[in-house]
Amino acid sequence: METLQMKEAALVYLDRSGGLQKFIDDCKSYNDSKQSYAVYRFSILIDPCDVVELDADLGNHILHHPLKAARVFQSVCFVAVKTLSLIGQLQTETQINIVLKLTHLPALPSYTLDLCEFPLNYASQRFYMMQGIVIAMTTITKYTQGARFLCSDGVCPLSKGFQYVRVHVPGATESATVRNDFLCSLCSSSLQEDRKFRVLGDKQIVEIITTKMFHAFQGDSKNQPFRFQSLGIFLRDELVNKMKIGNEYKIIGIPVCVKTSQTALCVEANNITPHTAKVPLGISDNFRRLLSLTSSSCWKFTAMLANVFASQIVAPGTYNLLKLCLLMSLVQTRDCNREREDCLDILVITSDTLLVDRLLNFSMNLVSRGIRHPVCTEVFPTVSRNKYGTGAVSIQAGSALLAKGGICFIGDLTSHKKDKLEQLQSALESRSVTVFIPGKKFGDDFDQQMTFPIQCSFWSFVDMDSSSRRNVQKTSTLIGQMDCSLIPANLAEAFGLLINCSEASPCHPLLPTVQHTLKKAVEPEGLLYLASKQFTTEDFEKLLAFAKSLNMEFSLEAERMIHGYYLASRRIRTDSIHGSKLSASALKYLGHSILCCSQCIISI
């Protein structure tokens, strides 16, 4: 009686939600094909709240016993097919494969799978919601949705028809659906697969990791240690290629324990949605007052920001040029789920790498996607065999793709090998990276290649006092007053901004820096300046987040100024007598800097 009531409730829900009409349309597509299948697959969109209001028992089954709930809908759909004569080729109820797609789960802790908790619950075989960032993904392979088996004994009644149909269920391996040791339940003879009825689907595996893992890549010693692990997500059929490396998603799925060469916890994805970051409501009162006091000039507020920025790391009034450029680059960061092209890469030439390293690391932590590239890992994507034994190739993200929409701080440029620097230059110029997958190495007949967009800003510095400088046996290349002989000139030009922070430059006053260092040694955790108390790190985080969320438009005067610059730069490049000695790329990035500076001022 209880099952009958749930079937009635399922039919009512399908009728009210429009699912019944969609099911009829899908049946028509199958019927028009005039082809017999072992399995007919249907996806039904389910709103758990609406189902619970309609029938609590059915809602409870959907949330906590999804496989049993699918059988209820399977029975309802089979009756509908036979009653309305929707698919002439369908013979048995087992040929219908129902996939319930949940729109959401109740916002309760018991329905959330935290990737930092241990142990993770995967024994209940019910739906959970998890959230994470894609750090790796495989190429697409095939799996068996369903297969038809026949009894090998010709006189057995089950040697024909569709009595033995095996369908993939969450957590099942390929061998659970198709293998050669199944026996007939009537005569105990072996079953043989009728291969012409096998139904194949697409499969892809992605690995996600909690957003908390960014703390491990941000170089902040104050972060408390915590445990995290990656989690494999199985995407099938319509979910394939719905996730991109570096993006953050909310995933509804059923945790399962997959046993391959090693036991691994995975999730059979049911539904995925991109995660949208919350937009801040505004800026702090102190910044509002500062904006009011400096409203007479469009430059004063920005100059004051640069002056007091990062006073925890350097004394106010020092490194103003570098700090202004860092703020410009930070404002250019965007939500990682949106396509973007406006990146501002920064290369710093300095003899005080310790202070510049601290300043860049502090600034990088002001955005949610700030990655300090670990030396032991790769900056760009790499390929390897996947650990789940599916035969697909796994593509690991690398620091650049993980920093999508943010900052990738790669440290001292001279510490990277020549081939890595060439790869970096190519990525800076094309804003993309191509991964080559050799077919012979990974058991495929053909070579493949995949191209990923680079949607982060790169920060780096060059140590002018590096010991490797003594081994350089080539003529120095001067850009302005900066000696860039430690790195190839083309690589230096590929960065959007090249900033001189040597001791001879005005942005590196020695006395305030020495005083700040001594004060910090005496009082490491203290706020040494009034600016540090008035404009906290949290205030700058809110300001940057608010500035990034604004939709900006250039005024007519600004557009005329930019147009005039490009017109003048074109004349300079084409004039053979009085033309500029700077390269076209340097002039291009100079114009780009003007655009970024204007955007920074307008947005703030």
F458 backbone acceptor or donor facing D345 side chain under 3.5 Å: yes
Side-chain donor or acceptor of H416 paired with backbone N/O of L424 under 3.5 Å: no
Pairs involving residues 292-312, ordered by first then second residue, that meet salt bridge (Lys or Arg N to Asp or Glu O under 4.0 Å) (sequence neighbours left out): none
Any donor-acceptor pair under 3.5 Å from S432 side chain to T451 backbone: no
Within 6.0 angstrom of K101 NZ, more than 12 heavy atoms from elsewhere: yes
Closest approach of H373 to E378 (non-hydrogen atoms, all atoms of both residues): CE1-C, 3.4 Å
Contact check, side chains of Q131 and H275, non-hydrogen atoms, under 4.5 Å: yes
Pairwise side-chain contact, E248 with R369, heavy-atom cut-off 4.5 Å (strictly under): yes
Over all atoms of both residues, closest heavy-atom pair of N241 and Q204: N-OE1, 3.0 Å
Residues F461, C501; criterion side chain to side chain contact (heavy atoms under 4.5 Å, CB included); working and verdict: CA-CA 10 Å; F461 61 84; C501 282; over 6 Å; no
Reported CG-to-CD1 distance for the pair L498 and I487, which is rounded to 0.5 angstrom: 7.0 Å
Criterion side chain to side chain contact (heavy atoms under 4.5 Å, CB included) on L293 and M304, from CA distance to verdict: CA-CA 11 Å; L293 293 173; M304 290 294 293; over 6 Å; no
Test item: F127 and I254 side chains (from C-beta on) under 4.5 Å apart, heavy atoms: yes
Trace of the side chain to side chain contact (heavy atoms under 4.5 Å, CB included) decision for T353 with V462: CA-CA 8 Å; T353 57; V462 175; over 6 Å; no
Student check: side-chain heavy atoms of D50 and S17 closer than 4.5 Å: no
Heavy-atom pair with the smallest gap, counting every atom of I135 and S230: CD1-CB, 4.0 Å
Gap separating the CD1 atom of I251 from the NZ atom of K242, nearest 0.5 angstrom: 14.5 Å
Under 3.5 Å: donor-acceptor pair, side chain of E268, backbone of G253: no
Main-chain N/O of Q423 paired to S426 side chain as donor or acceptor, under 3.5 Å: no
Side-chain touch V206/Y249, heavy atoms, less than 4.5 angstrom: no
Closest non-hydrogen atom pair, P453 against L401: O-CD2, 3.7 Å
Atom pairs and distances, donor-acceptor, side-chain atoms in residues 306-316, under 3.5 Å, two or more places apart:
residue, atom, partner, partner atom, Å
N307, OD1, G317, N, 3.3
S311, OG, S532, OG, 2.5
Q312, NE2, T537, OG1, 3.0

Verdict with supporting geometry, I346 and L360, side chain to side chain contact (heavy atoms under 4.5 Å, CB included): CA-CA 10 Å; I346 295 178; L360 267 60; 5.9 Å; no
Gap between atom CD of Q534 and atom CZ of R289 - 0.5 Å precision: 8.0 Å
Validation row: L359, L326 side chains within 4.5 angstrom (heavy atoms): yes
Donor-acceptor side-chain pairing of S394 and Q396 below 3.5 angstrom: yes
Heavy-atom pair of closest approach, residues P48 and I46: CD-O, 3.4 Å
Heavy-atom side-chain proximity of L543 to I283 below 4.5 angstrom: yes
G411 backbone acceptor or donor facing S460 side chain under 3.5 Å: yes
Donor-acceptor contact present, side-chain N270 to main-chain I252, <3.5 Å: no
Distance, nearest 0.5 Å, that separates CG of N490 from CD of E422: 10.5 Å
No-hydrogen, no-angle side-chain donor-acceptor test under 3.5 Å, N286 and S284: no
Salt bridge (Lys or Arg N to Asp or Glu O under 4.0 Å) pairs, two or more places apart, involving residues 355-368: D357-R372
Distance in Å, D463 CG paired with T350 OG1, rounded so as to fall on 0.5 Å steps: 7.5 Å
SG-CZ distance between C456 and R431, expressed to the nearest 0.5 angstrom: 6.5 Å
Minimum-distance pair of heavy atoms, taken over all atoms of M130 and L231: SD-CD2, 3.8 Å
Ring centre gap for F535 and F287 strictly below 6.0 Å: yes
H104 and D47, any side-chain heavy atoms less than 4.5 Å apart: yes
